[in-house]
Amino acid sequence: MNPEEIKGTQQTAQTVNFIRTIIDEDNRTGKWGGRVLTRFPPEPNGYLHIGHAKSICLNFGLARDYNGVTNLRFDDTNPVKEEQEYIDSIIEDVHWLGFDWEDRLFYASDYFDTLFDYAIKLIKAGKAYVCNLSAEEIRSYRGTLTELGKSSPYRGRSIEENMQLFEAMRNGEFDEGDCVLRAKIDMASANLNLRDPVMYRILFAEHHRTGNKWCIYPTYDFTHGQSDSIEKITHSVCTLEFEDHRPLYDWYCVHLEIHHPQQIEFARLNLTYTMMSKRKLLDLVKEGIVRGWDDPRMPTISGFRRRGYTPKSIRDFADRIGVSKKESMVDYSLLEFCIREDLNKTAPRAMAVLNPLKITITNYPDDLTELLDAINNPEDASMGSRQVPFSKEIYIERDDFMEEPPKKFYRLAPGKEVRLRYAYYITCREVIKNENGEITELFCTYDPETKGGSSPDGRRVLGTIHWVSARHALHAEVRLYEHLFTLEDLNDIPENEDWHNFINPKSFEIITGWLEPSLKNSTPGSRFQFERLGYFCVDADSNESKLVINRTVTLRDSWAKINK
RNA sequence: UGGGAUGUGGCCAAGUGGUAAGGCAUCGGCCUUUGGAGCCGACAUUCGCAGGUUCGAAUCCUGCCAUCCCAGCCA
């Protein structure tokens with residue numbers, strides 16, 4: 001193994017968390033015979049977001065590191081909310097992230113027959129009954145956090161009667177809401193989940209997979225653990241809010257006498273300036289506040305993909321945030337660090353001007369075009385170089401010129417010399433303004449001795465700025481994004497305040513950029529670093545006549561900090 | 001006022017009785033044909049608080065405080 005590989009291995013091995021500690025212990029005691037089988041169990045009622053990415057990386061990462069595998073299983077027990085579109089998007093997103101479940105794609109609905117048999121088993125054991133209380137009555141009989149519940153009048157029904165009633169439920173002999181099947185556990189439990197939880201409800205809804213075969217559907221609690229069990233899952237990893245459900249998860253496994261996986265809960269991801277609520281994300285889409293689930297401002301996996309994030313950067317992010325049981329709020333800057341780090345190594349450089357200021361180089365020949373060598377990636381020599389056209393009229397960034405520069409500004413200013421990247425040194429000779437006093441153009445001279453960007457006399461030029469030849473420039477629609485919300489921690493919104501009030505009106509801006517011509521035939525998904533500006537990626541909205549480009553993330557800008 | 005969980009620097013996060021890893025952010029400096037990248041350095045006398053046990057406590061014990069979750073026929 002070469003030093004590089006050893007380094008990589010150690011990096012993986014050093015990632016410790018409480019779940020790995022549990023698995024290490026299981027392996028030591030032989031609890032599962034060294035087996036590790038996890039699953040990622042999304043409900044297909046929305047698109048996956050970065051919080052799901054954390055879970056995906058956790059589950060698939062655990063299996064990968066312990067020589068196990070991971071199943072993809074759709075938790076599709078509520079036909080009124082679930083759709084094929086979501087299934088398709090989830091499959092695409094998990095694959096895109098770089099994970100593979102091979103032939104182990106499952107649906108909880110695959111187990112409806114088995115689940116029905118399990119229900120029968122509990123009825124026959126006297127541990128489940130059909131209850132005719134209404135939803136409201138069930139709620140009031142359940143009691144409260146501090147008051148015990150009381151038994152349903154139907155709790156004492158005979159096994160025979162329950163069998164007959166449950167069959168009738170399945171056969172569609174009752175209306176929705178007439179009755180449910182409940183587990184007979186403990187109405188006095190301090191854990192509300194154990195106060196005779198509902199196992200089956202009547203729903204005359206067409207299921208996206210089972211069609212109209214069923215008019216009764218099992219609840220999450222009566223489905224999830226059993227599905228894990230059927231698949232012989234060893235470690236069932238879920239989020240903190242299911243901690244209170246674990247006793248019920250365990251109860252079903254024990255009383256059904258089936259394989260009993262261990263449920264382990266971890267804290268879900270919260271990110272600053274955004275939110276993970278599927279419902280609110282759906283609202284953003286429905287209300288047209290964003291352009292769709294894959295709007296580059298969305299915290300969805302498809303949003304990040306369109307924005308230009310790489311799967312590797314998101315996996316790296318998931319590794320870096322760690323896993324624990326403490327509810328946390330991760331800085332968005334960590335995510336930005338991860339994408340910059342990846343793209344710095346892999347993205348070819350190019351020059352583009354987003355806010356142009358025209359320069360005429362007065363001593364440069366009128367019709368001459370020179371092709372100058374430019375390095376594609378200073379971080380990776382194997383990416384080679386390209387040629388960029390240079391001519392008498394160019395555009396530079398408006399921010400790169402100041403008529404009255406402060407002390408540490410070492411870009412262009414009247415009388416000052418600056419390096420045009422890969423081209424020449426130029427000196428500003430004259431500032432041209434319109435009748436409103438606005439700067440419209442600069443007259444500069446160039447030093448022919450400095451071709452390529454260095455001078456024979458070794459004179460020091462601190463500032464290097466990017467540029468694009470006016471005559472050769474390529475137009476593009478450039479889309480700039482900022483945080484979708486103005487509030488750092490969206491949990492801080494008071495109960496009575498509408499979260500819509502915190503949507504950032506400046507989160508999306510369209511401008512016209514002037515690009516170097518080498519970008520002409522770039523295809524959707526291509527990523528670049530526009531030197532000194534940031535990382536950008538070609539959007540799918542591009543066509544042969546128009547290039548559309550998304551800004552993924554800006555470069556770090558220490559001048560902006562000094563300037564503040 | 002019931003039950004379940006969590007409290008380690010601005011944000012994450014190791015640590016499981018032997019004297020506070022690491023990352024992001026921040027702040028200095030070096031270097032630089034991207035004010036990018038890179039490199040070097042700084043950054044918790046202290047682990048929610050108060051007691052106690054111990055030669056020794058973030059780790060054990062007691063009490064308190066704070067925050068989150070639970071009363072869907074959602075997942």
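Just so it is clear, the model here is predicted, and its values are computed rather than measured. Letters go in sequence order (proteins before strands), and every chain restarts at 1.
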Novice: Expressed as a whole number of Å, how far does the P atom of rA57(B) sit from that of rU16(B)?
Specialist: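 Going atom to atom, P in each nucleotide, I get 15 Å.
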Novice: Counting only side-chain heavy atoms from C-beta out, which of rA75(B), rC27(B), rG36(B) sits nearest to Tyr220(A)?
Specialist: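 Selected nucleotide: rA75(B).
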Novice: Are the ring of Trp559(A) and the six-membered base ring of rG35(B) within the stacking cut-offs of under 5.5 Å and under 30°?
Specialist: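 By the stated criterion, Trp559(A) and rG35(B) stack.
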Novice: Base, sugar-phosphate or nothing for Asp244(A)? Non-hydrogen atoms, less than 4.0 Å.
Specialist: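 Counting heavy atoms under 4.0 Å across all strands, the contact made by Asp244(A) includes a base.
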Novice: Under 4.0 angstrom, heavy atoms only, what part of the nucleic acid is Pro42(A) near: base, sugar-phosphate, or nothing?
Specialist: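 It contacts nothing in the nucleic acid.
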Novice: My understanding is that a pair needs two contacts under 3.5 Å, Watson-Crick or G-U wobble. By that rule, which nucleotide pairs with rA66(B)?
Specialist: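 The base-pairing partner of rA66(B), which may sit in any strand shown, is rU6(B).
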Novice: Find the distance Asp175(A):CG to rC73(B):P and express it as a whole number of Å.
Specialist: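 About 19 Å, once rounded to whole Å.
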Novice: Please determine, for the side chain of Ile138(A), which listed nucleotide (rC73(B), rC27(B), rA75(B)) has the closest atom?
Specialist: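 It is rC73(B).
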Novice: Ser328(A) has a side chain; which of rA71(B), rA75(B), rC12(B) sits nearest to it?
Specialist: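 The answer is rC12(B).
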Novice: Which whole-number value in Å describes the distance from Leu148(A) CG to rA71(B) P?
Specialist: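 In whole Å, rA71(B) P and Leu148(A) CG are 17 Å from each other.
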Novice: Taking the C1' atom in each of rA71(B) and rU19(B), what is the distance between them to the nearest angstrom?
Specialist: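 It comes out at 48 Å once rounded to the nearest Å.
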Novice: Is any NZ, NE, NH1 or NH2 atom of the basic residue among Glu243(A) and Lys325(A) found under 4.0 Å from an Asp or Glu carboxylate oxygen of the other?
Specialist: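 Salt bridge flag = yes for Lys325(A) with Glu243(A).
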Novice: Quick one: label Phe409(A) by what it contacts on the DNA or RNA (base, sugar-phosphate, nothing), any heavy atom closer than 4.0 Å.
Specialist: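 Base contact.
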Novice: Tell me whether rG28(B) sits syn or anti, counting syn as a glycosidic angle within 90° of 0.
Specialist: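 Anti, since the glycosidic angle lies more than 90° from 0.
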Novice: So what does Arg142(A) hit on the nucleic acid, given a heavy-atom distance under 4.0 Å: a base, only sugar-phosphate, or nothing?
Specialist: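 Sugar-phosphate, backbone atoms only, no base.
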Novice: Working to the nearest 0.5 angstrom, can you tell me the gap between Cys238(A) SG and Glu265(A) CD?
Specialist: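 These two atoms lie 5.0 Å from each other.
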Novice: Taking the side chain of Asp557(A) as heavy atoms from C-beta outward, which of rG36(B), rG35(B), rA75(B) is closest to it?
Specialist: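 Between rG36(B), rG35(B), rA75(B), the one nearest the side chain of Asp557(A) would be rG35(B).
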Novice: Look at all strands and tell whether Tyr200(A) reaches a base, only sugar-phosphate, or nothing, counting heavy atoms closer than 4.0 Å.
Specialist: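 Result for Tyr200(A) = nothing.
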Novice: Using a cut-off of less than 4.0 Å, is there contact between a side-chain N or O of Arg195(A) and OP1 or OP2 of rC70(B)?
Specialist: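 No, outside the criterion.
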Novice: To the nearest Å, give me how far apart OH (Tyr410(A)) and P (rG35(B)) are.
Specialist: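 To the nearest whole Å, that distance equals 7 Å.
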Novice: Quantified in whole Å, what is the C1' atom distance between nucleotide rC11(B) and nucleotide rG18(B)?
Specialist: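 It works out to 30 Å between them.
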Novice: Base, sugar-phosphate, or nothing for His224(A), non-hydrogen atoms under 4.0 angstrom?
Specialist: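 No contact.
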Novice: Between rU26(B), rC74(B), rA71(B), which one does the side chain of Arg139(A) approach most closely?
Specialist: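 Closest of the options to the side chain of Arg139(A): rA71(B).
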Novice: Any N or O donor-acceptor pair linking the side chain of Arg246(A) to the base of rG4(B) at under 3.5 Å?
Specialist: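 No, no donor-acceptor pair under 3.5 Å.
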Novice: For rC31(B) and rC39(B), measure between their P atoms and round to the nearest Å.
Specialist: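 Looking at atom P only, rC31(B) and rC39(B) are 16 Å apart.
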Novice: OP1, OP2 of rU26(B) versus side-chain N and O of Lys561(A): anything below 4.0 Å?
Specialist: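 Looking at the OP1 and OP2 atoms of rU26(B), one of them is under 4.0 Å from a side-chain N or O of Lys561(A).
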Novice: Kindly indicate whether the side chain of Glu327(A) and the base of rU67(B) share any N or O donor-acceptor pair separated by less than 3.5 Å?
Specialist: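 Answer no: no donor N or O sits under 3.5 Å from an acceptor.
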Novice: Below 3.5 Å, does any donor atom in the side chain of Glu241(A) face an acceptor in the base of rG4(B), or the other way round?
Specialist: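 Between rG4(B) and Glu241(A), which were checked side chain against base, a qualifying N/O pair under 3.5 Å is absent.
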Novice: Mind calculating the distance between CZ (Arg349(A)) and C1' (rU32(B)) to the nearest angstrom?
Specialist: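 That distance rounds to 14 Å.
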Novice: Starting at atom CG of Asp196(A), determine the distance to atom P of rC73(B), rounded to an integer number of angstrom.
Specialist: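 Going from CG in Asp196(A) over to P in rC73(B) covers 12 Å.
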Novice: Hey, does Glu379(A) reach any base, or is it just sugar-phosphate, or nothing, if we go heavy atoms under 4.0 Å?
Specialist: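 Base contact - Glu379(A) has a heavy atom under 4.0 Å of at least one base atom.
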Novice: Tell me which nucleotide among rG36(B), rA75(B), rU34(B) gets nearest to the side chain of Arg556(A).
Specialist: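 Selected nucleotide (nearest to the side chain): rG36(B).
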Novice: Tell me which nucleotide among rG2(B), rC74(B), rA14(B) gets nearest to the side chain of Val16(A).
Specialist: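 Closest nucleotide among those given: rA14(B).
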Novice: What's the CG-C1' distance between Leu240(A) and rG7(B), to the nearest Å?
Specialist: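 Checked: the CG to C1' distance equals 13 Å.
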Novice: So which atom in Ile339(A) and which in Gly308(A) form the shortest heavy-atom distance, rounded to 0.1 Å?
Specialist: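 Here Ile339(A) and Gly308(A) meet closest at CD1-O, 4.1 Å.
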Novice: Could you state the CG-P distance from Asn193(A) to rC70(B), rounded to the nearest angstrom?
Specialist: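 Rounded to whole Å, this separation is 10 Å.
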Novice: Have a look at Thr77(A) and say if it touches a base, only the backbone sugar-phosphate, or nothing, with a 4.0 Å heavy-atom cut-off.
Specialist: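 The residue Thr77(A) makes sugar-phosphate contact but no base contact.
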Novice: Counting the atoms with a prime plus P, OP1 and OP2 as sugar-phosphate, which does Leu181(A) contact under 4.0 Å by heavy atoms, base, sugar-phosphate, or nothing?
Specialist: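 Leu181(A): no heavy atom of the nucleic acid under 4.0 Å.
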Novice: Using the C1' atom as the point on both nucleotides, what is the distance between rC69(B) and rG63(B), in whole Å?
Specialist: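 Taking atom C1' in both rG63(B) and rC69(B), they lie 25 Å apart.
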Novice: Under the ring pair (Phe, Tyr, Trp, His ring centres under 6.0 Å) criterion, do Phe222(A) and Tyr252(A) qualify, and how do the steps go?
Specialist: CA-CA 8 Å; Phe222(A) 194 67; Tyr252(A) 284 132; 5.0 Å; yes
Novice: Should Arg460(A) and Glu417(A) count as an ion pair when the cut-off is N to O under 4.0 Å?
Specialist: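 Salt bridge absent between Arg460(A) and Glu417(A).
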Novice: Is there a Watson-Crick or G-U wobble partner for rG38(B) with both distances under 3.5 Å, and if so, which one is it?
Specialist: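 Answer to the pairing question: rC30(B), which forms a Watson-Crick or G-U pair with rG38(B).
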Novice: So which heavy atom on Glu137(A) is nearest to which on Asn132(A), and how close?
Specialist: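 Looking at all heavy atoms of both residues, the closest pair is OE1-O, 4.4 Å.
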Novice: From the set rU6(B), rC73(B), rG36(B), return the single nucleotide nearest to any side-chain atom of Val198(A).
Specialist: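 The answer is rC73(B), which lies nearest to the side chain.
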Novice: When we call it a touch if two heavy atoms are under 4.0 Å apart, what does Lys345(A) touch: a base, just sugar-phosphate, or nothing?
Specialist: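 No contact at all - Lys345(A) keeps every heavy atom at 4.0 Å or more from the nucleic acid.
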Novice: Measure from the side chain of Arg411(A), starting at C-beta and using heavy atoms only, and say which of rC12(B), rG35(B), rA75(B) lies closest.
Specialist: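 The answer is rG35(B).
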Novice: Is Lys312(A) atom NZ crowded by more than 12 heavy atoms from other residues, nucleotides or ligands, each under 6.0 Å away?
Specialist: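 Atom NZ in Lys312(A) is not packed in, count stays at 12 or less.
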Novice: Quick one: Phe222(A) CZ to rC73(B) C1', roughly how many Å, whole number?
Specialist: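 One finds 15 Å between C1' of rC73(B) and CZ of Phe222(A), rounded.
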Novice: Does Lys81(A) or Glu243(A) map to a spot on RNA chain B nearer the 5' end, using the closest nucleotide for each?
Specialist: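 Taking each residue's closest nucleotide, the earlier one in sequence belongs to Glu243(A).
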Novice: For Asn17(A), answer base if it contacts any base atom (sugar-phosphate contacts may also be present), sugar-phosphate if it contacts only those atoms, and nothing otherwise; contact means non-hydrogen atoms under 4.0 Å.
Specialist: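 The residue Asn17(A) makes sugar-phosphate contact but no base contact.
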Novice: Looking at every strand, decide which applies to Val330(A) at a 4.0 Å heavy-atom threshold: base, sugar-phosphate, or nothing.
Specialist: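 The residue Val330(A) makes sugar-phosphate contact but no base contact.
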Novice: What do you reckon, are the aromatic ring centroids of Tyr220(A) and Phe242(A) less than 6.0 Å apart?
Specialist: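 Yes, ring centres under 6.0 Å apart.
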Novice: Please find out if less than 6.0 Å separates the ring center of His466(A) from that of Phe530(A).
Specialist: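 Centroid distance His466(A)-Phe530(A): not below 6.0 Å, so no.
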Novice: Base, sugar-phosphate or nothing for Glu176(A)? Non-hydrogen atoms, less than 4.0 Å.
Specialist: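 Nothing, no nucleic acid heavy atom in range.
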Novice: Using Watson-Crick or G-U wobble geometry with both distances below 3.5 Å, tell me the partner of rU16(B), or none.
Specialist: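 Paired with rU16(B), as far as the under-3.5 Å criterion goes, is no nucleotide at all.
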Novice: Under 4.0 Å, heavy atoms only, any strand: does Arg421(A) hit a base, just the sugar-phosphate, or nothing?
Specialist: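 Result for Arg421(A) = base.
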Novice: Using 4.0 Å as the upper bound for N to carboxylate O, is an ion pair formed by Arg201(A) and Glu176(A)?
Specialist: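 Not counted as a salt bridge, because no side-chain N and carboxylate O are separated by less than 4.0 Å.
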Novice: Scan every strand shown for a Watson-Crick or G-U wobble partner of rU1(B), both distances under 3.5 Å, and answer none if you come up empty.
Specialist: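 By the stated definition (distances under 3.5 Å), nothing pairs with rU1(B).
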Novice: The side chain of Ala190(A) is closest to which nucleotide in this list: rG3(B), rA75(B), rC74(B)?
Specialist: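 That would be rG3(B).
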